[in-house]
Amino acid sequence: MHRRPCHTLINRPYTDKIAISLFNLTPRSMDPTRNPFSPGAGARPPELAGREAIVESATIALQRIARGRQEKSQMLLGLRGVGKTVLLNRIGQIAEEMGAIMVTLEAPEGQRLAAFLAPALKAVLLKLSRVEQARDLAQRALGALRGFASAFTVSIGEIDVAIAPETVADSGNLEVDLPELMACVGKAAQAAGKTVVLLLDEVQYLSEEDLRGLIVAMHRIAQRGWPVILFGAGLPQVAALAGEAKSYAERLFDYPAVGPLLPEAARSALQDPIEEEGEAIDSEALTKILAITEGYPYFLQEWGKHSWNTAKQSPIQASDVEQASTLATEALDRSFFRVRFDRLTPREQDYLRAMASLGAGPHRSGDIAEVLGISVQTAGPLRSGLIKKGMIWSPAHGQTAFTVPMFDAFMVRAMPEWRQQQLG
């Protein structure tokens with residue numbers, strides 16, 4: 001009689017269960033290709049934790065504008081690395097899902113608003129001109145845009161020669177012309193039954209004149225109830241800059257504060273993506289990362305990425321975080337910090353190094369000047385220049401703080417041999 005091999009007599013489902021159990025008990029290496037963390041400028045984290053209230057507020061504003069209701073525009077304010085750009089992108093995604101027409105912009109340092117806004121508005125108006133009931137108004141708006149671009153010497157490419165120039169928005173005074181141009185856009189959007197959503201990042205780089213023109217334009221929009229809304233993002237000083245540009249700016253905008261994540265949200269931002277990949281992080285490792293990063297989303301992503309790649313097996317442990325901290329710090333020094341350091345003059349570097357010698361801050365401007373061995377008056381232009389570059393800000397009168405978290409520690413690493421300087 002033919003006998004089957006003995007292994008075929010064993011119940012197969014039973015052996016599968018044993019194999020699965022052994023697999024689950026066996027430590028697994030952390031596959032870097034499955035690493036859920038990818039820190040980058042504006043890159044959406046795997047878990048957008050702790051920002052539900054901001055997203056909900058923006059969603060309600062978009063829904064109200066779409067229904068013809070009035071609603072304030074919003075300026076998201078916070079330090080570097082808190083995820084303002086991520087939130088702008090999320091708001092834009094929501095707006096697109098609602099059928100809005102998007103204008104996504106970033107204010108370059110030293111460039112006029114007209115130069116990058118006009119080409120974007122042309123694209124908006126061309127879309128609106130394809131809607132039958134809005135065609136005439138959109139074409140008139142394109143005529144106004146042609147005059148606007150000419151007045152500010154801006155290239156917007158060709159516009160159909162059949163579209164006649166309009167005698168509006170062409171005086172060369174942005175505070176007059178931009179409201180007139182945006183009024184044309186608003187009328188065309190209303191006729192088309194569309195919402196136009198402006199997303200503007202790095203608002204602090206706008207000149208006072210440009211910020212004033214933008215505020216006046218959005219004020220006109222709000223007064224008439226046209227379906228146009230602005231979501232901006234910038235450093236904390238934007239609220240003061242807007243108030244200085246136009247006193248009614250504080251009533252025109254909401255200013256949601258975007259800060260470090262609270263402990264529970266920070267834990268979710270790290271733990272949930274790891275667990276979704278079928279891996280784990282122990283509580284001691286999690287606590288260590290939260291303490292180092294202070295809940296700043298960009299740093300959470302950086303430490304999450306390097307802790308995953310450092311760990312030889314799941315769960316990620318505190319010893320893995322210790323090794324990862326060196327790699328994360330080096331990565332930040334090469335990119336996140338260094339790109340800002342390299343924009344500074346030697347005198348500006350000295351000013352920030354003097355700040356760093358006092359700790360994280362904020363610090364009294366007089367104390368910084370004293371470390372430098374110069375008067376507050378002599379240090380004033382340096383301070384003003386660094387504020388314009390977005391490196392520092394004033395949380396209160398006479399106070400100075402870094403806009404980049406942990407920059408004080410970086411300055412010490414970048415200039416270890418620095419000593420008190422005489423800059424006078």
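All values reported here derive from a predicted model rather than from experimental measurement.
Considering only residues two or more places apart in sequence or on other chains, K122 meets the side chain to side chain contact (heavy atoms under 4.5 Å, CB included) condition with L126, L142, L145, I156, I159. Every residue meeting the side chain to side chain contact (heavy atoms under 4.5 Å, CB included) condition with R413, not counting sequence neighbours, appears here in chain and number order: T329, D333, F337, A409, F410. Considering only residues two or more places apart in sequence or on other chains, V131 meets the side chain to side chain contact (heavy atoms under 4.5 Å, CB included) condition with Q133, A134, A192. With sequence neighbours excluded, the residues satisfying ring-ring contact (aromatic ring centres under 6.0 Å, His included) with F152 are F148. Considering only residues two or more places apart in sequence or on other chains, A360 meets the side chain to side chain contact (heavy atoms under 4.5 Å, CB included) condition with D408.
Rounding to the nearest 0.5 angstrom, the gap separating the CG atom in L62 from the CD atom in Q74 is 8.0 Å. Between atom CD of residue Q139 and atom CG of residue L137 there is a gap of 10.0 Å, rounded to the nearest 0.5 Å. T104 contributes atom OG1, which lies 7.5 Å from atom CG of N89 (distance to the nearest 0.5 angstrom). Rounded to the nearest 0.5 angstrom, L199 CG and L230 CG are separated by 8.0 Å. Taking CD from E330 and OG from S335, the interatomic distance works out to 11.5 Å, rounded to the nearest 0.5 Å. With rounding to the nearest 0.5 angstrom, the OG atom of S207 is 11.0 Å from the CG atom of L241.
In this structure, the side chains of V154 and F116 stay at 4.5 Å or more apart for every pair of heavy atoms. The shortest distance between side-chain heavy atoms of W308 and E277 falls below 4.5 Å. F407 has its side chain out of reach of L79: every pair of non-hydrogen atoms, C-beta onward, lies at least 4.5 Å apart. Between L87 and V258 the shortest side-chain heavy-atom distance falls below 4.5 Å. Side-chain atoms of P297 and L261, non-hydrogen and from C-beta on, do get closer than 4.5 Å to each other. Between L117 and L105 the shortest side-chain heavy-atom distance falls below 4.5 Å. Inter-residue side-chain proximity for L198 and I229 is flagged as unmet; no heavy-atom pair is nearer than 4.5 Å. Using a 4.5 Å cut-off on side-chain heavy atoms (C-beta onward), I368 and L358 make contact.
Sorted by first and then second residue, the pairs that involve residues 177-187 and meet side chain to side chain donor-acceptor pair (under 3.5 Å), not counting sequence neighbours, are S171-D177. For residues 313-336, the ring pair (Phe, Tyr, Trp, His ring centres under 6.0 Å) pairs, not counting sequence neighbours, are Y298-F336, F299-F336. Residue pairs meeting the salt bridge (charged side-chain N to carboxylate O under 4.0 Å, His left out) criterion with at least one member in residues 57-75, sequence neighbours excluded, are R64-E71, K72-D254. Note on residues 230-249: pairs passing salt bridge (charged side-chain N to carboxylate O under 4.0 Å, His left out), not counting sequence neighbours, are E175-K246. Residue pairs meeting the ring pair (Phe, Tyr, Trp, His ring centres under 6.0 Å) criterion with at least one member in residues 229-268, sequence neighbours excluded: H219-Y248. Screening residues 284-295 for side chain to side chain donor-acceptor pair (under 3.5 Å), with sequence neighbours left out, gives R267-T287.
Taking all atoms of both residues into account, the shortest heavy-atom contact from L128 to K194 is CD2-CB, 4.1 Å. Counting all heavy atoms, side chain and backbone alike, A257 lies closest to I54 at O-CD1, 4.0 Å. Among all heavy-atom pairs drawn from R353 and P416, the shortest one is NH2-O, 4.4 Å. Scanning all heavy atoms of the two residues, the minimum distance from K84 to G78 falls at NZ-O, 3.2 Å. Heavy-atom minimum distance, L200 versus A107: CD1-N, 4.0 Å. Across all their heavy atoms, G186 and I221 have their closest contact at CA-CD1, 4.5 Å.
For the residue pair Q204 and E202, a side-chain donor N or O sits within less than 3.5 Å of a side-chain acceptor on the partner. With 3.5 Å as the limit, one finds no donor-acceptor pair spanning the side chains of S38 and Q301. Under the 3.5 Å distance criterion, with hydrogens and angles disregarded, a donor-acceptor pair is assigned to the side chains of R90 and Q93.
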Q: Applying salt bridge (charged side-chain N to carboxylate O under 4.0 Å, His left out), run through R140 and D136 and close with a yes or a no.
A: CA-CA 6 Å; R140 289 183 62 183; D136 289 344; over 6 Å; no

(Q) L235 vs L77, test: side chain to side chain contact (heavy atoms under 4.5 Å, CB included). Steps then yes/no. (A) CA-CA 5 Å; L235 296 174; L77 304 184; over 6 Å; no

Q: Start with the C-alpha gap between R34 and E279, add the side-chain angles, then the distance that decides, and say whether salt bridge (charged side-chain N to carboxylate O under 4.0 Å, His left out) holds.
A: CA-CA 10 Å; R34 293 192 298 111; E279 309 295 357; 2.6 Å; yes

Q) Should I274 and F37 be marked as a side chain to side chain contact (heavy atoms under 4.5 Å, CB included) after you check the CA-CA gap, both sets of side-chain angles, and the distance that decides it? A) CA-CA 9 Å; I274 292 171; F37 303 104; 3.7 Å; yes

(Q) Between W303 and L332, is the side chain to side chain contact (heavy atoms under 4.5 Å, CB included) condition met? List the steps. (A) CA-CA 10 Å; W303 259 262; L332 288 168; 3.5 Å; yes

Q.
Is there a side chain to side chain contact (heavy atoms under 4.5 Å, CB included) between V124 and M102? Walk through the geometry before answering.
A. CA-CA 8 Å; V124 170; M102 303 297 303; over 6 Å; no

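The backbone N or O of Q317 sits less than 3.5 Å from a side-chain atom of D320, completing a donor-acceptor pair. Under the 3.5 Å distance criterion, the side-chain polar atoms of R220 are left unmatched by any main-chain donor or acceptor of M182. Using modelled atom types, no side-chain atom of T153 and backbone atom of A149 make a donor-acceptor pair closer than 3.5 Å.
Evaluated for a side-chain contact (heavy atoms from CB on, under 4.5 Å) with S307, the options I316, N35, I281, L286 yield exactly one hit, I316.
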Side-chain donor-acceptor pairs of residues 386-405 under 3.5 Å, sequence neighbours excluded:
{"from": "K389", "atom 1": "NZ", "to": "R343", "atom 2": "O", "distance (Å)": "2.8"}
{"from": "K389", "atom 1": "NZ", "to": "E348", "atom 2": "OE1", "distance (Å)": "2.8"}
{"from": "S394", "atom 1": "OG", "to": "R383", "atom 2": "NH2", "distance (Å)": "3.3"}
{"from": "S394", "atom 1": "OG", "to": "A396", "atom 2": "O", "distance (Å)": "2.7"}
{"from": "S394", "atom 1": "OG", "to": "Q399", "atom 2": "O", "distance (Å)": "3.0"}
{"from": "T400", "atom 1": "OG1", "to": "S365", "atom 2": "OG", "distance (Å)": "3.1"}
{"from": "T400", "atom 1": "OG1", "to": "R383", "atom 2": "NE", "distance (Å)": "2.8"}
{"from": "T400", "atom 1": "OG1", "to": "R383", "atom 2": "NH2", "distance (Å)": "3.4"}
{"from": "T403", "atom 1": "OG1", "to": "G390", "atom 2": "O", "distance (Å)": "2.5"}
{"from": "T403", "atom 1": "OG1", "to": "M391", "atom 2": "O", "distance (Å)": "3.1"}

